[in-house]
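Some notes on the structure that comes next.
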Protein chains: 2
Amino acid sequence: MVTMKDIAEYSKVSLATVSRVLNGSSNVSVEKRKQVMEWVHRLDYNINISASGLAGSSSSLIGVIFSDLANPFFMDILIQMEEEAYRLGYSIIISNTHGQKNKIRESINTFEARQVDGVLLCIDSDETALMQYILQKNIPAVSFTQPSELIDSVYTPMEKGGALVAQHFLDMGHEKMAYVGDKNEPKLTGFLNHLNQNGIDSENVNIIEVDKWGNLSNYEITKRIRELTSTKKDEITAVFAFNDVTAIQVMQAFQDEGIRIPEDIALAGFDNISLSRKISPPLTTVGQPTKEIGRLAVEILIKRINQENIAPPEAITLEPYLIVRKSTRQTK
Amino acid sequence: MVTMKDIAEYSKVSLATVSRVLNGSSNVSVEKRKQVMEWVHRLDYNINISASGLAGSSSSLIGVIFSDLANPFFMDILIQMEEEAYRLGYSIIISNTHGQKNKIRESINTFEARQVDGVLLCIDSDETALMQYILQKNIPAVSFTQPSELIDSVYTPMEKGGALVAQHFLDMGHEKMAYVGDKNEPKLTGFLNHLNQNGIDSENVNIIEVDKWGNLSNYEITKRIRELTSTKKDEITAVFAFNDVTAIQVMQAFQDEGIRIPEDIALAGFDNISLSRKISPPLTTVGQPTKEIGRLAVEILIKRINQENIAPPEAITLEPYLIVRKSTRQTK
DNA sequence: GTGAAAGCGCTAACAT
DNA sequence: ATGTTAGCGCTTTCAC
């Protein structure tokens, strides 16, 4: 392994000078700088970031906690984060936790052990305890799924997304609706509230519960859709699925039942995954600015890392937007 | 920050003993071990992996180079790798390169600078030079997309996948076929060769070129499909798309043209992404054992890391398998 | 079984 | 502008 010491010896300068050159300090003569760089290239020197970190400089490492990378929505964010981090000279280390609290904890500890400069957090439930844990460890952190009073956050208010879908359904003249998804989602709350505020009793909205981790099999979903269609056939005219993947399953289930979308039932999803516009019919959905989320999360984290005086947590809100496609085009 | 030194002082033992306890050395009295652990917990000590790495032990860090994480196939592999690495006490640091040679190089250098124990490589084109570069740097490496004579590899022979589709098409009585995808894919070679070997002149296979990075817009694909259907309408009865995402786009394009699948045209994809069975009609496709690939890649890499005597590169082959679904069910 | 001490590769005062 | 030196937190001989 080639070290700075080697470079120093070959270049006939001191270790400190080599370090200065490599870190772009101005106080080095053009001459010596040239010499040093010459040997750096000749010997194909590569810094040891562990050592450099140990000695006081930053690790340029960011840890990211994901709840479920199989969700294309998070995947999009990861891709964006990696790109932005790379652009800014940071590396990304990941952990996919499936929401398991112990894995989250352990990952945070590993991150700390690796001297990360900061962490990016994907949290779905209330994790005040976790945040306090991180805060107490003095690790800069940014949440990119939930707003927080404790740490910086970049997030999209899901309730608004739910409200957008509700409004769209109302605009299209729907009155009897169903929701397929997790019961504890803010988008459901937003959806129902908006209906209530517009003269539709949310009590009448059929709710088909699907667990958050998508662990419900296709078979199971089909079965429930079948139940729904056999009993409520003529009532329901619009279905809101809590994410696109589920929406596509639902679409499949409907189509297998001979129920046409959007002619018989309108269907809307959530997330705007790339496939949502490629399927047939293309899916009406709610988009979240994933690129912005990923980019901003990294940006804010790094800003936070580089500031010495502690400013209060910043909460950036990025609005969701409705994307109307064919799956809801038909008015009843 | 709590360090080993702190633990040593509180426990009234030497630094060395603390290190021994923490690394599970047997030569420590039960008594002292207890004392040390007591303080480790009391002070919430966490190791500094940078320091530990510097001082001689391993970094337990694995670098992974991906060409395109937006491809669900790679995503599946990443998820698996993260899980396996976590299970074995390793962390994963990633880079998404889009095949850009300079980013690949730079990432390898960053990995080296971070003292990774090894790297996992996703390479699509010939990268002998890169591998020699890595070899010369003495970094253990495993390729998980291409076989290699220089480094260990876990891979699925794509030609066989292509051949499986060809055989399936033949079984279903098809004779006029088309391929949508990158021209340089081994799966295309396998597809064509198998046809030739079975009395179908591969010259007659229509090839619609789509670039590897999926940069072709939906519009463009639709346009080309339209060209195909207007000129060859009555000829082509089966289409092989080089990956599921493209297949779904093609399906969409066909359906928009009023062409039914599988009644008018059979369609097969490649990769078995989770959505392929959720769309309508469910897509016939070729599966690759992504779980195995991700798991084995990590496993082999770690095996290689831990062995001192250099064994020759090992090439593990995992067979692709055909998954017949509705999109090809109809015999002409 | 335990401790002292050297040193991993680097940065950052501190001198000069 | 440049060199010397003292660590950063840990592992690992080497003594005892």
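Here is the naming used below: chain letters follow the sequence lines, and residue numbers restart at 1 for every chain. Predicted model only: the values in this text are computed from it and were never measured.
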For a quick check under 3.5 Å, do [X] and [Y] share a side-chain donor-acceptor pair by atom type?
X: Thr110(A); Y: Ser107(A); result: no
X: Arg114(B); Y: Ser91(A); result: yes
X: Asn96(B); Y: Glu82(A); result: no
X: Ser52(B); Y: Asn48(B); result: no

request  = Using the ring of Tyr133(B) (Phe, Tyr or Trp, six-membered ring only), decide whether Arg105(B) places NZ or CZ under 6.0 Å from its centre and within 45 degrees of its axis.
outcome  =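 Here Arg105(B) passes the 6.0 Å and 45° test against Tyr133(B).
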Item to check | d(CG, Asn27(B); P, dT11(D)) in whole Å | outcome: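 My rounded result for the distance is 16 Å.
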Check your understanding: At under 4.0 Å between heavy atoms, what does Ile49(B) touch on the DNA or RNA strands: base, sugar-phosphate, or nothing?
Key ->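 It contacts nothing in the nucleic acid.
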- Task: Quick one: sort the Phe74(A) and Phe144(A) rings into parallel, tilted or perpendicular, breaks at 30° and 60°.
- Result: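 Perpendicular: the ring planes of Phe74(A) and Phe144(A) meet at over 60°.
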Identify each atom pair where a protein N or O and an N or O of nucleotides 4-8 of chain D are less than 3.5 Å apart, giving names and distance.
{"from": "dC8(D)", "atom 1": "O2", "to": "Leu54(A)", "atom 2": "O", "distance (Å)": "3.3"}
{"from": "dC8(D)", "atom 1": "O2", "to": "Ala55(A)", "atom 2": "N", "distance (Å)": "3.1"}

- Query: Closest approach of Phe66(A) and Val64(A), non-hydrogen atoms and distance?
  - Reply: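 Minimum heavy-atom separation between Phe66(A) and Val64(A): CE1-CG1, 3.3 Å.
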- Query: Between which nucleotides of DNA chain C, read 5' to 3', does contact with chain A run, using atoms under 4.0 Å from its heavy atoms?
  - Reply: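 First-to-last contact on DNA chain C, by the 4.0 Å heavy-atom rule, is dG9(C) to dA13(C).
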inquiry  = I'd like to know whether Arg304(B) forms a salt bridge (Lys or Arg N to Asp or Glu O under 4.0 Å) with Glu314(B), so could you lay out the CA-CA distance, the side-chain angles of the two residues, the decisive distance to 0.1 Å, and finally the verdict.
reply    = CA-CA 10 Å; Arg304(B) 176 68 68 176; Glu314(B) 184 181 359; 5.4 Å; no
